[in-house]
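A, B, ... follow the sequence lines: proteins, then strands. Residue 1 opens every chain.
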Amino acid sequence: MSDLIAAILLVPLCSAALILFFFRRDADTAAKLSVGASAVAMVLALFALFQNIEIDAARISWLKLGDFELSFGFLLNGDARLLLFVVTFVGFWIHVFSLGYMRDDPGKARFFGGLSVFMFSMLGIVVADNLAMLFVFWELVGFSSYLLIAHYFHTDEARAASKKALVINRLGDIGFLLGIVLTQVRFNTLEFAELEQAALAQPELLTAGLGFLLICGFVAKSAQFPLHVWLPDAMAGPTPVSALIHAATMVAAGIYLLVRIDFLLVQEVFSLIALLGGAMALYAGFCALVQRDVKKVLAYSTLSQLGYMSATVAIGMSGLAMFHLATHAFFKALLFLGAGSVILGCHHEQDVFRMGGLRKRMPWTSWTFLLGVLAISGVTFTSGFFSKDAMLLAAYEENLPVFVMFLVGALLTALYMGRLHWLIFHGESRSKAARQASESGLTIIAPLVALALLAVLGGFVSLWPESLSSVFVQELEHVHESTGNRLVMTFGALAWILGLWGSWNLYARTRDEDPLMKKAPVFFRLCESKLFFDEVYDFCIRRPLRHVAKVFEALELLFISGLMVRGTAGIVALLGLATSAVHRGGLRVYALWFVVGLVVLLGYALAWWEF
Amino acid sequence: MNDFKLYAEANDWGLLVPEISLAFGALLLLCREALRKQGRESGGGLAFLLQGGLLVYFVARYLFFDPRPDSAGESAFNGMIQQSFPADVMRCFFLGCAFLTSLFANPGLRERRLPQAEFHALVSLAAASMMLLVQSNHFLMLFVSLETVAVCFYVLVSYHRGSPYSLEAGLKYLVFGALSSAILLFGIALLYGTAASWSGGTAPSDPLSFTMLEQFVAANSDSLAVRAGTAFVLAGLAFKLGAAPFQAWVPDVYQGAPTAVTAYLAVASKSAGFVVLFNLVTGPLFGLREFLIPLLSLVAIITILFGNLGALTQTNVKRLMGFSGVAHAGYLLVGIIAAIGMHPDVPEKSVFWAIVFYLLSYSLASYGVFGVMGVLAPTEDADQPRSLYSSLAQKQPFLAFTLAVGLGSLAGIPPLAGFIGKLLLFVVAFQAELYGLLAVMVMGVVIAIYYYFAWIRETVFPPLPSLDSSDKEPQVLWSPQFPSLLLACILGLLTLTTILLGFYQSSLGQSF
Amino acid sequence: MNEEILFYLFSTLMLFGGSAVVLSRNPVNAALYMILALVSLAVLFLTLDAFFLAALQVLVYAGAVMVLFLFVIMMLDVDLRERSRPNIMAAALGLVTTGAVVAILLTWVGEGSTIRPSVGSVPTPGNPLAFVTGSKAFGYALLTKYMLPIQVAGFLLLVAMVGAILLGRRTKLKSSEGKDGS
Amino acid sequence: MDGVLGIEEYLVVASILFCIGLLGVILRRNVLLILMCLELMLNAVNLALVAFARYSGNMDGVILTFFAITVAAAEVAIGLAILVALYRRRKSIFLQDLNLLGR
């Protein structure tokens, strides 16, 4: 069994290595290799799923020093199975999509190599059985994400975005690493199974501080407040990358981490996550409402959905969060790929106000996209309905403020997703590119159809194999037994009906300006400025604390320019200049150094003697 | 005279077969050079053969004949020499370094028409004396072998005698080397003098021997003379390590020396210094641990900060490697401090393993990087701006990959050997509860990522056409050559080992 | 008493010579002062009963090393006098630091033993390396106990010889002469 | 041997000579003189070593001195060789002119 898992990991790795070493110039072979690898990984993963055996950890010792040991091993429980399936399945279809999308890209080989590296590292996170191994793959995922965002490295935007993503993720990772070290110190193990027992045995060792450190990684990777700023920018990468990494899988890895280590977190941490998650579900919805770039809308939508998931984990329903993670992966990948298809059809036009009327020219894309929109809005009997309804119910039971935020979030979701669909596919074509758009080939359409199928049917639990649905089915039944069932379902239905209806009224007949700008200018400005996030921040924090802020700024410069941000000549650079200034080759200066050093040492010897 | 007879009988030359064969190999090279016909240049084949052969001998000895992982070591030559498993590992290490240095230097020597036989002889002799240095258990032996190493390096550093850079580097190295050896000798004299004229107990019969000094120092740890002597000895050694504030020579000498020699200096000479320091602080000076820990901590902190900050603004990659070498010395010093500050129940061996592994990963990565630098070096070896490497990945993907892996390992990027090395040091520092030093180390590593990555980016990503206002096309001044097949194989091997050691090393450490 | 007079006389001479080396502007003068210092040191060795070393000191240092210096000075055959005064900062720092070294050493002086044991002409059986004046015991020690270091030192001299020949050889080299003077 | 002279006297002289050498290394700009000052330092150590050996009645210090003299001679030989080679390239032996590195 662990051989099978190892094979799943190794197949993408081999593909990446082969591409790196042999097929850098031969882009077509590289692409075929990568797609083939992801197909093989998917088949193997399906094998692994249906062999419903609890894995016995065949662990390989990786690093040993005294009684400190790190090892590689696999832990394949229900959550891991589910995510394994989602990652390989969605990954495979996105690989196929990329074949068409990246057909004429000069960096095609590099792109597919990067995808393979990403698949390897993401799967590593899924199956890792201890925090150290997880962290290694976590970093690898960050690295491959950096590479893929920077795919169009000749544009300033992509370079800046990749840098931003890396820096912010690193900031989070430092906290995460400290948390891991602290865990090792407290529990003397990093293995999930042992940690769980240890946490049960000694609950007094779990503190809020440890929890806050550990969730730093989650906050950065899942783009939660206040480290959310990198995700919208990351849309500078190619669309399949946005679909795979920044919507369906990598950002979900943060949620997965929460689920894996939830026994290490205490109530305070969970309350904070719930609050942040609910707020993010709401905040990102407002932001998404006014974006003009189709990918940015989807990016904010992702932020909002991640908020749902994290809040759900925090109120104790991690199974439901995993369920939504899976359904979200299907429909969000579908939406991104649909957007990709549109962008490709419109010759890389991404402004929704320069599209329109594509329904007739791109029927496949239009229909599948519509299904995606319905799913994410939670229209009854689509996959999104089941998972979102369950989350609403859970929130209703456990945490009323979060429920309210969820509900408004759901309304907003329907509103901005409807807006997106009407603006792209209905009305008149508002630009030349849109008038000339046409459907692309089979490699583009097939993934759309496959994902649309799951986006619609993925909510029917009875269709899921037992090995996967076991993760959430109990919690699902539990929430459905609750008293608020009817009420919540009604509210949910109201939310999507209102949202879609509102968006139809507002946007279906738009010409080339956002109608919201005219009808509710204040609201529009508010949303456009991301709720004056930056201004409020500036007013409340920066101005009164300018002097303090300067210090922090300096510190930030120190650390961020240390973390490979080029061009920020901060304090470190100054110090560096000063340091190298004394190494200007003067032998006598050096000799003086020497003697001063000697005197310091001797003085120390003398002083010691005096004490 | 009976005692002298006993002395003579204790000289068991069989224990030093590798060193003796290296020395005779060097003699053979010199003789052959003296007798050769005019106009026929002799290559380094003999030297490679000898060094490679000895390496195989060592490995075979431990694989098949004499696996003695847990031996306490044996003393020979009247206490001059103490053999042990860790010392043997280091002997192997120096042989490997010598082999790589000879190999990497050969093309440059041939191109500059410099005598090759002498170079290889000097490299072999330096290796032999470093091998003796790490085994020495007596201050006289230590001094003599240390000076032999130093004299070899004075010549090697200034070997490109056509270049004023190389000669200047040699001169600087010599002046500071001589200064530090005078200081070291003064320290030895102080320790010797106090031990020999100690009236408190029975004066040790051989006051220069580490074993005897250990007892003396432990009993007299509050004597000022002992402390002053220790401070002098440490200052002398700190020069070898390139530890602050005795680091000033490092960037200049690293820049001016021929690239292969720079690698030898950075890796072998520094490692020898660390092993000697380790032997001293865990042996004769162990009684002074209360005194040593704050002192060495201070030195380590300054060294880490200085090395990393200095490297930050360097554009000449050889100077950059010099500064970063200083930083690595700082990390290793933390390991040394951990060795003396350790909890009594944590074995000293695991600290030594951490240090050795760090040295190993550092040497693999450094030789990879210096090897590539040697291949790409322009006519003037000392003049290597970073822009020389711009878009190397497009021209020579193999070299760029080797370089990137080497730099990544030096920076401590996770799956590579350098990361494990740093991790091991972190772990021992953690076990020794050196939290402040740990924080400084982390800071240093963070800064280091910046300058290593600036170089990697220069190598891997093509320059932006129009980010700056000047719209000039980057001029391609030179097209890098592919190295010879042997060199390429060795570079590939180094890279591969760097990657593999990141995944598999846990059982290697068991022997320690 | 003789010994005391010798000590004070020659240590004064030696320190004078040393200071003159540091202070004199002309290297030829410096070399001559250096010889003075070295020979005085040899006499101090004599007062310490280290006759062999005293001879060695005169032969190696005053004889060989200083002749080498003078030889190089003559060979370069240019005006080698320093024109600029020493830097005040450097001088001050140097004085402070060296003063610190002396101060530390003086603090300590009381700790050692001050009584010289008497010297025999042959080593005693229990303590083969007791201090003796004869060079015979010196030889015995070097060739038995210190056999390994003496071999290493031999190689050290070999390296020095090879190095000096290599570096001092005047041959045409493919070099980067054009960069000189930059 | 009446023992009027103590080891202190020798050590004081040795450490003063050591410091004179050190001072010379810092202050002088002529490389030849720097080399001479280094020799002075080594000689100072030799004096201390011999005095220690004599006063403790132990031979090892004298033998170490023997090695120190050997080493010093070797260092001077190499140093002067480098100096001569450098003089041929740069036509100067003053520190301010020998400073190509680190620019």
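- Contacts of D:Ala14 with chain B are absent, with no heavy-atom separation under 4.5 Å from either backbone or side chain.
- Heavy atoms of D:Ile34 lying under 4.5 Å from chain B belong exclusively to its side chain.
- Heavy-atom pairs under 4.5 Å with chain B peak, among D:Leu49, D:Leu86, D:Leu22, at D:Leu86.
- Interface residue D:Ile63: backbone and side-chain heavy atoms are both found under 4.5 Å from chain B.
- Side-chain atoms of B:Thr262 come within 3.5 Å of backbone atoms of B:Tyr254 as a donor-acceptor pair (strictly under, hydrogens ignored).
- Under the rule for a salt bridge (charged side-chain N to carboxylate O under 4.0 Å, His left out), the partners of B:Lys318 that lie at least two apart in sequence or sit in another chain are B:Asp381.
- If you measure heavy-atom distances from B:Leu171 to chain D, the contacts under 4.5 Å come from both the backbone and the side chain.
- Between the NZ atom of B:Lys240 and the CG atom of B:Leu265 there is a distance of 7.5 Å, given to the nearest 0.5 Å.
- Contacts of B:Tyr192 with chain D are made by side-chain atoms alone, with heavy-atom separations under 4.5 Å and no backbone atom involved.
- Under the 6.0 Å cut-off for aromatic ring centres, B:Tyr173 and B:Phe239 qualify, their centroids lying closer than that.
- With a 4.5 Å cut-off on non-hydrogen atoms, B:Ala150 does not touch chain D at all.
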Can you list, pair by pair, the side-chain donor-acceptor contacts under 3.5 Å of residues 174-183 of chain B, counting residues two or more places apart and other chains?
residue  : atom : partner  : partner atom : Å
B:Ser180 : OG   : B:Phe176 : O            : 3.4
B:Ser180 : OG   : B:Gly177 : O            : 3.0
B:Ser181 : OG   : B:Gly177 : O            : 3.1
B:Ser181 : OG   : B:Ala178 : O            : 3.0

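- Here B:Phe143 and D:Phe67 keep their ring centres 6.0 angstrom or further from each other.
- Options D:Ala48, D:Ala74, D:Gly61, D:Cys37 differ in how many heavy-atom pairs under 4.5 Å they form with chain B, and the most are formed by D:Gly61.
- Note: D:Phe52 CZ to B:Thr194 OG1 = 6.5 Å, rounded to the nearest 0.5 Å.
- Your options are D:Leu42, D:Thr70, D:Val71, and the one with the most heavy-atom pairs under 4.5 Å with chain B is D:Val71.
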